[in-house]
Colleague: 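Once you've had a glance at the structure underneath, I'll fire off some questions.
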Amino acid sequence: MFRIALSFALVAIAAAAEPVVDDSPTRVESTLETGLECIGTLRPKAVGEVKSSRWTLDCAGTDREHADWRAVRDYVAPLGIARIRVQAGWARTEKDPGVYDFAWLDQIVFDAARRGIEVWMELSYGNPAYPGGGGRQLAAGMPSSEEALSAWDRWVGLTAKRYAGVVRDWCVWNEPDLRVGGVTNGPERAAAFAIRTAEIVRREIPDATIAAFALSWANAGFVRPLLAELKARGKTGLFDTIAYHHYKANPDDGYDEVEACRRVVAEYAPNLRLREGEGGTLSEWCAVGALSRLPWTELKQAKYDLRRALGDLGHGDDTSVFHICDLEYRTSGFHDGLVRYGLLKTTGQAEGFRVLKVKKAYYAVQNAVSVFNDALEAEVGKGTSTLSGVARPAVYDWRDRSTGLKVAVFWDAAAMPKEECAAVRAELRMLAEPFAAPVWVDVLTGNAYRLPPERIRREGDFTVYTVPCYDSPAFVADHSLLTLDESWEVRSRRR
């Protein structure tokens, strides 16, 4: 009895507690030596202070009770990401045939709207309440019987009608191409299912933005016959995007697969675009889940999430951070256990999914969103900046929309993130005049450093900056584009 009472007490305390988010200049500690003068730290920008329409924060899993929105909702807006991914959960809403309970989903959708956060609603997973209804877990297969498909149609219609005017962004089914336990969904069947679902959503929400599936990876072998079928039926116009998930031990691997998919989309359905719908890694060793059984740490996770997101944006795709919190997989059959993908470290269901701590990755993503938001535009395919001095340079050019000033973000993409922070000297060449007040910014910590004249030279139309570079993103920009906080050490130097 004591243990039960204690658990309820902990849940009550967690529900009542204010979020503890560090906004100090030392919120992320690092051993990185730059040899430069620190002049401040990026100031976090919450939702309402910044428009970040190209970012999505993953809050999925509540449909299968792997997480609880109530436990983490107060930590969402401070990140600055104004869109969350939510899975609608047919089996949780309609536990008994014909009886619908949307209360759990209402709580998320309308609470998010009150906080200024949009919802990307994914219509996913089957319902064992119906014969041939499929399972409620990953890779369980789509509804197959006429009875189940009719029930699916009714639920989709009710869901779309309920959230019309609140939810505009939709997605049909999670990872239909995933093959586990012999359950597969062929492209022809998947196309028919996507069409029937999208037509119902458009009937209720004519201006909806709909993704034709969220694929388990940028799978051109699945996309080609899927789009060929949609095109043959004259239904490509039902959709706006195709989402792909991206899990590689080195977050910079796999863009060749993304570009192969992009070529297929251009061939069959040029009205569609790609979006990265799920990507991230663990903060510690875990036995199950994507990228599991590898020696992850909080530092490696933070570097990974930054490289993943800024790489996606640099290639022109929307990006998604997986996940706001740790997840307790209990109904997936092959993913059982507590997994640590979260920006927040949380307990499992028995303790109300309460927040134990804010991880490094939370602050790192917060830093990235405060700069790489809609105030900047990625120069996709037009970038002219280059980086020398590292084994595998990753460089992406951005432009400030209001001033036209360039921003170049870069890192060493040679391997999966390391535990140490050891920079080498590299040379960044930018096709631009020298900045009036050039700064080098470490996105991981948010620390900004002054670039002295001796590290800057002209080469024709290019400006060359000698900069630190390591396996986590940094960028060079003009000081005028940044909003910085000053630490006590910075202020004391001016006394």
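If you're wondering where the values come from, they're calculated on a predicted model, not measured in any experiment. All residue numbers in this chain count up from 1 along the given sequence. Values reported hereafter were calculated over all heavy atoms of this structure, with side chains retained and with hydrogens, waters and symmetry mates removed.
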Colleague: To the nearest 0.5 Å, how far apart are CG in D58 and NE2 in H245?
Modeller: 7.5 Å

Colleague: Any Lys/Arg nitrogen of R308 or D312 sitting under 4.0 Å from an Asp/Glu carboxylate oxygen of the other?
Modeller: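 Salt bridge: yes.
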
Colleague: Quick one: are the ring centres of W90 and W152 less than 6.0 Å apart?
Modeller: yes

Colleague: Where is the tightest heavy-atom contact between I117 and I81, given as atom of each residue plus distance?
Modeller: CG1-O, 4.5 Å

Colleague: Determine whether T346 and R354 satisfy the following criterion, side chain to side chain contact (heavy atoms under 4.5 Å, CB included), listing intermediate values before the conclusion.
Modeller: CA-CA 5 Å; T346 53; R354 64 188 176 92; over 6 Å; no

Colleague: Going by the salt bridge (charged side-chain N to carboxylate O under 4.0 Å, His left out) test, name the single residue among D478, D400, D397 that passes it with K406.
Modeller: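 In the set D478, D400, D397, the residue that makes a salt bridge (charged side-chain N to carboxylate O under 4.0 Å, His left out) with K406 is D397.
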
Colleague: Rounded to the nearest 0.5 Å, what's the gap from CG on L344 to SG on C325? Could you check?
Modeller: 6.5 Å

Colleague: Mind checking what makes salt bridge (Lys or Arg N to Asp or Glu O under 4.0 Å) contact with R168, not counting sequence neighbours?
Modeller: D207

Colleague: Pair T445, D442 - check side chain to side chain donor-acceptor pair (under 3.5 Å), show working.
Modeller: CA-CA 6 Å; T445 61; D442 176 30; 2.9 Å; yes

Colleague: Restricting to side chain to side chain contact (heavy atoms under 4.5 Å, CB included), what partner residues turn up for D96, sequence neighbours left out?
Modeller: V99

Colleague: I'd like to check the side chain to side chain donor-acceptor pair (under 3.5 Å) partners of T159; sequence neighbours left out, ordered by chain and number.
Modeller: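 T159 satisfies side chain to side chain donor-acceptor pair (under 3.5 Å) with W155 only.
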
Colleague: Aromatic ring centroids of W411 and Y396 under 6.0 Å?
Modeller: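 Yes, the ring of W411 comes within the 6.0 Å limit of the ring of Y396, centre to centre.
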
Colleague: Determine the minimum heavy-atom distance between R262 and L274, stating which atoms define it.
Modeller: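 Closest approach of R262 to L274: N-CD1, 3.8 Å.
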
Colleague: Restricting to non-hydrogen atoms, name the atom on T56 and the atom on I84 that form the minimum distance, rounded to 0.1 Å.
Modeller: CG2-C, 3.9 Å

Colleague: Ion pair present between R275 and D169, side-chain N to carboxylate O less than 4.0 angstrom?
Modeller: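 A salt bridge links R275 with D169.
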
Colleague: I would like to know whether D111 and R70 meet side chain to side chain contact (heavy atoms under 4.5 Å, CB included); could you show each step before the answer?
Modeller: CA-CA 10 Å; D111 186 30; R70 296 168 299 178; over 6 Å; no

Colleague: Starting at OH of Y449, measure out to CD1 of I39 and round the result to the nearest 0.5 Å.
Modeller: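 So the OH of Y449 and the CD1 of I39 are separated by 10.5 Å.
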
Colleague: H246 and ring-ring contact (aromatic ring centres under 6.0 Å, His included): which single residue from W217, Y255, F322, Y304 fits?
Modeller: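 Only match with H246 under ring-ring contact (aromatic ring centres under 6.0 Å, His included): Y255.
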
Colleague: Residues two or more places apart in sequence or in another chain: which of them pass side chain to side chain contact (heavy atoms under 4.5 Å, CB included) with D305?
Modeller: Q301, V321, L343, A361, V365

Colleague: Does the ring center of F213 lie less than 6.0 Å from the ring center of Y244?
Modeller: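 Aromatic pair excluded; centres sit 6.0 Å or further apart.
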
Colleague: For L299 and L444, run side chain to side chain contact (heavy atoms under 4.5 Å, CB included): C-alpha distance rounded to whole Å, both residues' side-chain angles, the deciding distance at 0.1 Å, then the answer.
Modeller: CA-CA 9 Å; L299 177 60; L444 177 68; 3.7 Å; yes

Colleague: Looking at residues at least two apart in the chain, or sitting in another chain, which of them share a side chain to side chain contact (heavy atoms under 4.5 Å, CB included) with A309?
Modeller: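 Checked A309 against side chain to side chain contact (heavy atoms under 4.5 Å, CB included); matches are W55, T319.
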
Colleague: Would you check, one step at a time, whether the test side chain to side chain contact (heavy atoms under 4.5 Å, CB included) holds for E257 with C261?
Modeller: CA-CA 6 Å; E257 298 167 346; C261 278; over 6 Å; no

Colleague: Closest approach of S292 and A287, non-hydrogen atoms and distance?
Modeller: OG-O, 3.8 Å

Colleague: Could you state the interatomic distance from CG (D240) to CG (N271), rounded to the nearest 0.5 Å?
Modeller: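 The CG atom of N271 is 7.5 Å from CG of D240, to the nearest 0.5 Å.
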
Colleague: Tell me, with the steps shown, if E278 and R85 meet salt bridge (charged side-chain N to carboxylate O under 4.0 Å, His left out).
Modeller: CA-CA 9 Å; E278 187 180 303; R85 175 191 180 216; 2.6 Å; yes

Colleague: I'd like to check the ring pair (Phe, Tyr, Trp, His ring centres under 6.0 Å) partners of Y470; sequence neighbours left out, ordered by chain and number.
Modeller: none

Colleague: Go through the structure and list residues passing salt bridge (Lys or Arg N to Asp or Glu O under 4.0 Å) with D22, not counting sequence neighbours.
Modeller: none

Colleague: Under 3.5 Å, is there a donor-acceptor pair between the side chain of Q87 and the main chain of G61?
Modeller: yes

Colleague: Could you go through the salt bridge (charged side-chain N to carboxylate O under 4.0 Å, His left out) check for E284 and K345 one step at a time?
Modeller: CA-CA 11 Å; E284 60 189 67; K345 186 170 185 176; 3.7 Å; yes

Colleague: Under the rule for salt bridge (Lys or Arg N to Asp or Glu O under 4.0 Å), what residues qualify as partners of K45, not counting sequence neighbours?
Modeller: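 Once residues adjacent in sequence are excluded, K45 has no partner under the salt bridge (Lys or Arg N to Asp or Glu O under 4.0 Å) criterion.
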
Colleague: State the OH-CG distance between Y125 and N174, to the nearest 0.5 angstrom.
Modeller: 3.5 Å

Colleague: Taking only residues two or more places apart in sequence, or in another chain, which ones meet D153 in a salt bridge (Lys or Arg N to Asp or Glu O under 4.0 Å)?
Modeller: R196

Colleague: Count the heavy atoms of every other residue, nucleotide or ligand shown that sit under 6.0 Å from CD of E118, and state whether that count exceeds 12.
Modeller: no

Colleague: About how many Å separate CD of E65 and CZ of R92, when rounded to the nearest 0.5 Å?
Modeller: 4.0 Å

Colleague: Show me the pairs that pass ring-ring contact (aromatic ring centres under 6.0 Å, His included) and involve residues 349-381, at least two apart or across chains.
Modeller: F372-W398, F372-F475

Colleague: Under the side chain to side chain donor-acceptor pair (under 3.5 Å) rule, collect the residues that match up with S53, sequence neighbours excluded.
Modeller: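 Expected list: D374.
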
Colleague: Write down the atom of W170, the atom of A208, and the distance for their closest heavy-atom approach.
Modeller: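 Closest pair (atom of W170, atom of A208, distance): CD1-CB, 4.0 Å.
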
Colleague: For the pair H323 (side chain) and G342 (backbone), establish whether a donor and an acceptor sit closer than 3.5 Å, ignoring hydrogens and angles.
Modeller: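 No; judged by distance alone, with no hydrogens or angles, the pair does not exist.
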
Colleague: Could you tell me which residues satisfy side chain to side chain contact (heavy atoms under 4.5 Å, CB included) with A148, sequence neighbours excluded, listed by chain and number?
Modeller: Y130, P143, S145

